[in-house]
Undergrad: 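The structure under discussion is supplied below as structure tokens; questions concerning it will follow.
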Amino acid sequence: MAKLTYYGHSTCALVTDDGTRLVIDPFFDDNPACHVAAADVEADYVLVSHGHGDHFSDCIPIARRTGATVISSFEVVSFCRENGVKNGHGMNVGGGYDFPFGRVKLTPAVHTGSVAGDQQGAHASGCTGFLIEFNGKRVYYAGDTALTMDLTLLKGQVDIALLPIGDNFTMGPDDAVRAVEMIEPKVIIPIHYNTWPVIAQDPQVFKAKVGDRAVVEVLESGSSYEF
Ligand code: NI
Ligand code: MN
């Protein structure tokens, strides 16, 4: 079994069947929806979709303390290395790589992407998503994307999709339903909502809108989905 734990906003931990611990978009200490401290997080890999603080703020402390390998865009990984992170694996959109636990491919995400803490702005990067494949399971983490026709390329390749529904900074619930129609995942876990009033959404309304197109698993912060 694999286990995905949601920590509110877009922060997740994925433990693969072989026990490898992946943390995705670590935003623990300043995340109003999260009750876990970054200092208590263990990881073998940290995946970062982009450098905005609500996806990246605890990446460097966790990677420095645990020795976890940061998987992200070349620019974000370079910034991490310049700030004391020993292990990093830079990638770019459209590229995949076979890690010991499985394959990670960076997918396009329509969004902006400065790097929090980069005073010179020398590491500006876009935003990506991740297609993570291990043990015959396929997880798509969309990142902060808008609805885009690129999502149709994922059709038939995704079992579990983590999609933003918050609106304002990302796609909202109605566009997320269209994303579901494009991707046709079996299971959807909504993310990037209710962290602040500006992205307040009722996930049960989203679930009703998805209807019988897919199973919507609404996870409370700190709860897990096993698959
Ligand atoms: Ni962002
Ligand atoms: Mn965000």
Side-chain angles (χ1 to χ4, degrees), residues 4-14 22-36 38 41 46-63 70-80 83 90-93 104 106-119 121-132 139-148 150-151 161-176 179 188-203 206 218-222:
L4 189 142
T5 304
Y6 179 57
Y7 292 104
H9 198 55
S10 289
T11 302
C12 305
L14 173 61
L22 282 57
V23 171
I24 308 174
D25 282 1
F27 177 48
F28 291 92
D29 289 349
D30 294 334
N31 180 349
C34 179
H35 311 295
V36 172
V41 175
V46 180
L47 281 64
V48 175
S49 66
H50 64 303
H52 284 162
D54 59 319
H55 300 259
F56 179 64
S57 63
D58 293 317
C59 173
I60 289 173
I62 291 171
V70 177
I71 300 173
S72 188
S73 67
F74 177 84
E75 290 81 1
V76 167
V77 169
S78 296
F79 183 73
C80 290
N83 287 276
M91 301 178 66
N92 216 319
V93 182
V104 176
L106 265 56
T107 57
V110 177
H111 190 67
T112 58
S114 56
V115 178
D118 177 11
Q119 305 299 338
H123 301 83
S125 79
C127 179
T128 73
F130 301 107
L131 187 59
I132 307 165
V139 177
Y140 169 57
Y141 179 91
D144 272 6
T145 194
L147 182 69
T148 166
D150 289 344
L151 297 171
L162 289 89
L163 299 178
I165 65 163
D167 219 345
N168 195 76
F169 299 117
T170 67
M171 65 172 99
D174 291 330
D175 281 355
I188 304 148
I189 297 172
I191 58 173
H192 214 277
Y193 68 98
N194 284 356
T195 322
W196 304 286
V198 72
I199 55 172
Q201 298 292 342
D202 183 343
F206 170 69
V218 176
L219 296 182
E220 298 295 320
S221 181

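FYI, side chains are in, hydrogens and waters are out, and symmetry mates aren't considered; it's all heavy atoms of this structure. Each ligand, and each atom within it, is numbered from 1 in the order the structure gives.
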Undergrad: Just one of N31, N194, D54 clears the side chain to side chain donor-acceptor pair (under 3.5 Å) bar with H9, so which one?
TA: D54
Undergrad: Determine yes or no for a side-chain-to-main-chain donor-acceptor pair under 3.5 angstrom, with T11 supplying the side chain and F27 the backbone.
TA: yes
Undergrad: Has H111 got an N, O or S atom lying less than 2.8 Å from the Mn ion (ligand 2)?
TA: no
Undergrad: Do the side chains of D25 and Y141 get nearer than 4.5 Å, heavy atoms only?
TA: yes
Undergrad: Hey, is the main chain of A146 close enough, under 3.5 Å, to the side chain of D175 for a donor-acceptor pair?
TA: no
Undergrad: Quick one: how many protein N/O/S atoms are under 2.8 Å away from the Ni ion (ligand 1)?
TA: 4
Undergrad: Taking the Mn ion (ligand 2) as the reference point, name the nearest N/O/S atom of D54.
TA: OD2
Undergrad: If I consider every N, O or S atom in H55, which one ends up closest to the Mn ion (ligand 2)? I only need its name.
TA: NE2
Undergrad: Counting backbone and side chain alike, does H192 bring an N/O/S atom below 2.8 Å of the Mn ion (ligand 2)?
TA: yes
Undergrad: Side chains of F206 and V218: does their closest heavy-atom pair fall under 4.5 Å?
TA: no
Undergrad: Under a 4.5 Å cut-off applied to non-hydrogen side-chain atoms, are V48 and P26 in contact?
TA: yes
Undergrad: I want to check something: taking the side chain as every heavy atom from C-beta on, are S72 and M91 in contact at a cut-off of under 4.5 Å?
TA: no
Undergrad: Would you mind naming the N, O or S atom of D144 nearest to the Mn ion (ligand 2)?
TA: OD2
Undergrad: With heavy-atom distances below 4.5 Å as the criterion, would you say the side chains of P108 and T148 are in contact?
TA: no
